[in-house]
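Everything below concerns the one structure shown next.
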Amino acid sequence: MHQMTLAEIARGLADKKFSSEELTRTLLARIAQLDPQLNSFITVTEDLAITQAQAADARRAAGETGALLGAPLAHKDLFCTKGIRTSCASKMLDNFKAPYDATVVAKLAAAGTVTLGKTNMDEFAMGSANESSHYGAVKNPWNLEHVPGGSSGGSAAAVAARLLPGATGTDTGGSIRQPAALSNLTGLKPTYGRVSRWGMIAYASSLDQAGPMARTAEDCALLLQGMAGFDVNDSTSIDEPVPDYSASLNASLQGLRIGVPKEYFSAGLDPRIADLVMASVEELKKLGAVVKEISLPNLQHAIPAYYVIAPAEASSNLSRFDGVRFGYRCEDPKDLTDLYKRSRGEGFGPEVQRRILVGAYALSAGYYDAYYLQAQKIRRLIKNDFMSAFAEVDVILGPTTPNPAWKIGAKNADPIAEYLEDFYTITANLAGLPGLSMPAGFADGLPVGVQLLAPYFQEGRLLNVAHQYQQVTDWHTRSPAGF
Ligand code: GLN
């Protein structure tokens, strides 16, 4: 039962082959049995899951239909969930129970999904390895000594290990696509503003975007359908109609123009990944696509710009956690200054503190023009590069990550080594574009992902290309030994 995709579950439930409650109980037992090896959940919401599954079964018995009615899911632990711990994987919010549901959570619940729990992540979504969690590192089911990617590493590991068919993630610089690549999943970061950010604990507000993580593009289409849409509570949410993502999955790729940026094949790219990327291009050519070399001349400035803008926004967003109104409060403060200092010093982990310091520095009066303003100018140049590229091609294809999953601890001594892993993903966030990662092969038993980028609001196109690719390849169907 645990091998089923969301689309298969939807058919099984519609055909009354099993109930949502049966499926939910099976998956909860699997989580109890297998998650101790992975640490992919921070909270398992067993009682809520059974109640929601029974409610979904009752709705179906009353004649209701719907692809997500009774579908089991988990949410990254930065989506507010009413009455349930929402920790952001930080000691700062260890005992925080959200007073309301995030829009994404509420929309998916209204569609009838069943919440199995809250997944582990990097603290405040800062990281690419899921090692910075207050609740400990997450292990990659493909090799338990390796990272699953981050920051949505718990969602990735849980779905890859078949503990559940899909999960939510968020992507500020790659945190859906990168863990999807490292764990053999399909993950989609929508256009900025496509999915509401209301009730998502903010990391960098101009970059954050929620999206689905699942095994197939078909499943991502179902999940995105349940998540996307305008929300009056999010002033950056965009009032554009939501297309039927499943309806466009089978469109022909005949004549599709794929651009491959020449700057992608730089020294930092593992040659095994370069080969798998080119193999995926060959598959898409067989389906009728035409391939063209393009250029993104400002690509090499993306990491420095991102690692100024994201920490700058984070330093502002995280200033509310001061131990007074929000967050952990230290024991026996001497005075107010001591309370601020120790609450923040004890409540935030080292990576979060590093980002707050970098961000506050970049925003400070004497340095603002030199760093923050400069980074914003680079951001515009990167967006312009994409606009020129999309005048010539329909999608851009390349690696999702420069390397496959690395060993837990391997990059701990050098934070910049971990930042470099975001080379291919962060440009989409800086420009606000949609991006998808899909399974494209293995390097020494570890999964490799290929990334597709498209113009604004063309999530349907990305899902279409990935779905067609998944009709002629079987990488996405492979499951890790022992799970
Ligand atoms: N790895 C990037 C960072 O640490 C991206 C994280 C994310 O997308 N949330 O900032």
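Side-chain atoms are counted along with the backbone in the values below, which use heavy atoms only and exclude waters and symmetry mates. Counting convention: from 1, in listed order, for ligands and their atoms alike. Numbers for residues simply follow the sequence, beginning at 1.
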Mind checking whether W198 and F79 have ring centres under 6.0 Å apart?
no

So, for F321 and F124, is the gap between ring centers shorter than 6.0 Å?
yes

Quick one: look up the protein heavy atom nearest [atom] and list residue, atom name and how far away it is.
atom: atom 7 (C) of ligand 1; value: S175 OG, 2.3 Å
atom: atom 5 (C) of ligand 1; value: Y306 OH, 3.3 Å
atom: atom 2 (C) of ligand 1; value: D422 OD2, 3.1 Å

Assess the side chains of S151 and K76: does a donor N or O sit below 3.5 Å from an acceptor N or O?
yes

Y135 pairs by side-chain hydrogen bond (donor to acceptor under 3.5 Å, both in side chains) with which of T43, D94, N39?
D94

Qualifying residue for side-chain hydrogen bond (donor to acceptor under 3.5 Å, both in side chains) with R177, from T186, D171, D422, T401
D171

For ligand 1, which atoms sit closer than 4.0 Å to a heavy atom of [X]?
X: D171; value: 8 (O)
X: Y307; value: 1 (N), 2 (C), 3 (C), 4 (O), 10 (O)
X: M126; value: 4 (O)
X: G173; value: 5 (C), 7 (C), 8 (O)

At under 4.0 Å between heavy atoms, is it the side chain or the backbone of [X] that contacts ligand 1, or both, or neither?
X: Y203; value: side chain
X: T172; value: both
X: Q209; value: neither
X: F124; value: neither
X: A125; value: both

Answer yes or no: does an N/O atom from [X] fall short of 3.5 Å to an N/O atom of ligand 1?
X: R355; answer: yes
X: T170; answer: no
X: G174; answer: yes

Would you call the rings of Y419 and Y307 parallel, tilted or perpendicular if under 30° counts as parallel and over 60° as perpendicular?
parallel

Under 3.5 Å: donor-acceptor pair, side chain of S132, backbone of M126
yes

Judged by non-hydrogen atoms, does A310 sit under 4.0 Å from ligand 1?
no

side-chain contact (heavy atoms from CB on, under 4.5 Å) between S152 and M213: does it pass, once the steps are laid out?
CA-CA 9 Å; S152 312; M213 303 175 76; 3.8 Å; yes

Cation-pi between K82 and Y100: NZ/CZ under 6.0 Å from ring centre and within 45° of the ring axis?
no

Could you check L182 against W406 for side-chain contact (heavy atoms from CB on, under 4.5 Å), going step by step and ending with a plain yes or no?
CA-CA 9 Å; L182 270 42; W406 56 93; 4.1 Å; yes

